Structures are given as structure tokens and as C-alpha cells.
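Below is one structure, written out as C-alpha cells; comments come after it.
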Protein chains: 2
Amino acid sequence: MQQVKMEVEQASLVLKLLGDKTRLTIMALLNIRELCVCELLEVFDMSQPSISQHLRKLKDAGLVKEERKGQWVYYSINKTSDAYPLLESVLHYIPEQTEKMEQIIKSNPTLRCGC
Amino acid sequence: MQQVKMEVEQASLVLKLLGDKTRLTIMALLNIRELCVCELLEVFDMSQPSISQHLRKLKDAGLVKEERKGQWVYYSINKTSDAYPLLESVLHYIPEQTEKMEQIIKSNPTLRCGC
DNA sequence: TTAGGATATAACTATTTGCTTATATGTTCA
DNA sequence: TGAACATATAAGCAAATAGTTATATCCTAA
């Protein structure tokens, strides 16, 4: 049923990244849709640099990719990563972060003006 | 297809434990069969206390259970753990540790005398 | 009952980690 | 062009982590 093994070393690095509550929640949110940094900031009780640093680690490991759209930088899950099958599998075991996602939608940080 | 979600907090704790090369390898070995501490010692280049401490963390999290058999303490995967489905799923993505298991069989540390 | 082997615990240390604040960089728009 | 916003990086710090050595505990067998 399953396939495409990773080396233990590589897998443990990915699992270590996912073994942090903040990063695991970020991945669960990105599993719903891509998000920009300011959207993620809405649902974590920590500073902007802290979120940026988590995202950098995830990006360095190839788990996410970034795309600048104007003044915002959007992050999304990198489905071409060798680790993607493992990641996807892990995400099956944690609940969808619908509450946090609603919080993002409600606050809508990329639309401050209302025009 | 998948089921029985864990809370993010609980899942991240389990993933953090698996996010260590030594512990992940231990779990992969225990996935083949139960092993005593002295058998595990054969395949890791570190001290006995270090292995014991890793096993303790895994036991505290409920991922493994221990059973004393005479002078040896055997560890095995705790299949009744809430985290077992996640663990099993993760282990699908890393290669079977057959080489290390052969090393254990060859050295056979629980049979020093040969009687 | 004591010696020796197997394992666990204690105490210590160096490294890593996750956060903070301060600051730099990049983008938009008046 | 420069003010304001979004994001990244730098530097520093406290806590967590993974290893070590020394020692305690538990079991077997002579």
C-alpha cells in the first residue's frame, strides 16, 4: 500500500520539524490552502519573526515553497518534495484546523481597507 | 481511508520523539521484533545509559512497553497506544532495518556462553 | 551470600532550539 | 521620493535536549 522510503536520517529531520506544535499547525493550515505570513500571524500568539523563522525552517527542508504576490509572501505545501508522502500521511492523523482557518477568514488581514 | 485523529499537541509530542535518528531507528527495529537493551546496544555507537534514556522517553510517551525476562528487559511496540496508528504510518516510510537486525542476530548478546 | 552482568538513574555538560527585540529589506502608493 | 506596511535577518537569551561518566538497583548463579 505504501511506498517510496526515505532514509532514516532524512525522515528524522522531517519528523523533527513536524514535532513542533507551531510548525505542525502551520502545515495543517497550509494543507487547507496557501497562506501569507500575515494570515498565519492571526492565529499564533507569537511574534512575526518567530513565524518567519518557522517558515524558513520548513522551506529549507523543502516542505513548503514561497511565492511573493505584491507586498505579501504566500507559503504553500511543496507537493514535489521527497518528504511529501510522509507529510501527507502524518497530516491525516491531526484534525483539520477549521477553527483557526475561520479566524483567518474573519480577520482577513490582507484586506484592511474594505474597497 | 484514515481515522482516529490525535490532538495537534499530542501528535507533535510523538513526532518530536520520532524526530531523532536514534529513536526512529529503535522504533524501526522494534517493528521487526521485540529487543532487549543489550541487543540495541550492539547497533548504536553510544553508551548504555544513552539508549536507556531514549527507551525511557519512548516508554513515557506510551510508544513502547517493557517486559523483564530474567536479567534482560525486553522492549516492544505498544500497539494499544493512541499514537500507534500514526507511528505505524510513519514507519511505512522508512526502510526496514534488516542490516542492523542481522548485526544483532550475528552478535547475539543474550547468548554469551554457547550452551 | 556474594560476585558479576544487565539495566536504570543521577549529575553534569555542550549543543540546539524557540523565542524575544532591534533592525534591515522589499513593496506600494500618495 | 518617502511614509507605511509586509517580511526577513541578526543578535541575544533561557530552556530543552542528547550525550557523557559515575553510581545505584535488580537478577542470576556459583
Side-chain angles (χ1 to χ4, degrees), chain A residues 8-9 12-27 30 34-61 64-76 104 107-115, chain B residues 8-9 12-27 30 34-61 64-76 104 107-115:
Chain A
V8 174
E9 178 109 36
S12 68
L13 289 177
V14 171
L15 293 169
K16 178 176 291 183
L17 283 175
L18 300 180
D20 174 275
K21 195 185 168 186
T22 303
R23 284 191 297 260
L24 188 57
T25 306
I26 288 175
M27 294 311 294
L30 295 183
E34 66 168 12
L35 291 167
C36 71
V37 180
C38 66
E39 288 176 317
L40 287 168
L41 266 177
E42 294 292 331
V43 291
F44 294 102
D45 191 24
M46 61 181 63
S47 67
Q48 172 267 316
S50 191
I51 297 295
S52 271
Q53 282 154 12
H54 282 304
L55 289 167
R56 188 169 214 298
K57 287 183 184 183
L58 293 169
K59 198 187 71 172
D60 285 349
V64 304
K65 51 187 179 168
E66 66 175 35
E67 186 191 354
R68 181 174 275 278
K69 297 185 181 178
Q71 58 187 319
W72 296 291
V73 177
Y74 279 79
Y75 284 85
S76 58
I104 290 173
S107 62
N108 200 359
T110 61
L111 184 59
R112 291 280 181 227
C113 53
C115 50
Chain B
V8 174
E9 177 110 36
S12 68
L13 289 176
V14 170
L15 294 169
K16 179 175 291 183
L17 283 175
L18 300 180
D20 175 276
K21 194 185 168 187
T22 303
R23 283 192 297 262
L24 188 57
T25 307
I26 289 175
M27 295 311 294
L30 295 183
E34 65 168 12
L35 291 168
C36 71
V37 180
C38 66
E39 288 175 319
L40 288 168
L41 266 177
E42 294 293 330
V43 292
F44 294 101
D45 191 25
M46 60 182 63
S47 67
Q48 172 267 317
S50 190
I51 297 296
S52 272
Q53 283 155 10
H54 281 305
L55 289 168
R56 186 168 214 299
K57 287 184 184 182
L58 293 170
K59 198 187 70 171
D60 285 349
V64 303
K65 50 187 179 169
E66 67 176 32
E67 185 191 354
R68 181 172 276 279
K69 296 185 181 180
Q71 57 187 319
W72 297 292
V73 177
Y74 279 80
Y75 284 85
S76 59
I104 290 173
S107 61
N108 200 359
T110 62
L111 184 58
R112 291 278 181 228
C113 52
C115 49

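Here the structure is a predicted model, which means the values were calculated and not measured. Letters A, B, ... mirror the listed sequences (proteins, then strands); counts begin at 1.
- Among the atoms of the strands shown, only primed sugar atoms or phosphate atoms (P, OP1, OP2) are found under 4.0 Å from some heavy atom of B:K57.
- Residue contacts for B:Q71: at a heavy-atom cut-off of 4.0 Å it reaches the sugar-phosphate backbone alone, with no base atom in range.
- Under 4.0 angstrom from either OP1 or OP2 of C:dA6 there lies no side-chain N or O belonging to B:Y75.
- B:Y74 comes within 4.0 angstrom of nothing in the nucleic acid, heavy atoms only.
- Protein atom CD of A:E39 is 15 Å distant from nucleotide atom C1' of D:dC5, rounded to whole Å.
- Residue-level contact check: B:E66 touches the backbone only, with heavy atoms under 4.0 Å from sugar-phosphate atoms and none from bases.
- Summary of the strand contacts: B:L55 and B:K16 both lie near DNA chain C, and taking for each the nucleotide with the nearest heavy atom, the more 5' one is attributed to B:L55.
- Evaluated for a side chain to side chain donor-acceptor pair (under 3.5 Å) with B:Y75, the options B:E39, B:E66, B:E34, B:K59 yield exactly one hit, B:E66.
- Residue A:R68 has its side chain nearest to C:dT27 when only D:dT21, C:dT27, D:dT9 are considered.
- Residue contacts shown for A:K21 are absent, as no nucleic acid heavy atom lies under 4.0 Å away.
- Comparing C:dG26, C:dT20, D:dA8 by their closest approach to the side chain of A:Q53 singles out C:dT20.
- Candidate nucleotides C:dT7, C:dG18, D:dT7 were compared by shortest atom distance to the side chain of A:V37, and D:dT7 ranks first.
- Spacing between atom CG of A:L40 and atom C1' of D:dA6 amounts to 13 Å, rounded to whole angstrom units.
- Computed from coordinates, the A:F44 CZ to C:dG18 P distance equals 14 Å when rounded to whole Å.
- When heavy atoms are screened at a 4.0 angstrom cut-off, A:K59 is found touching no nucleic acid atom at all.
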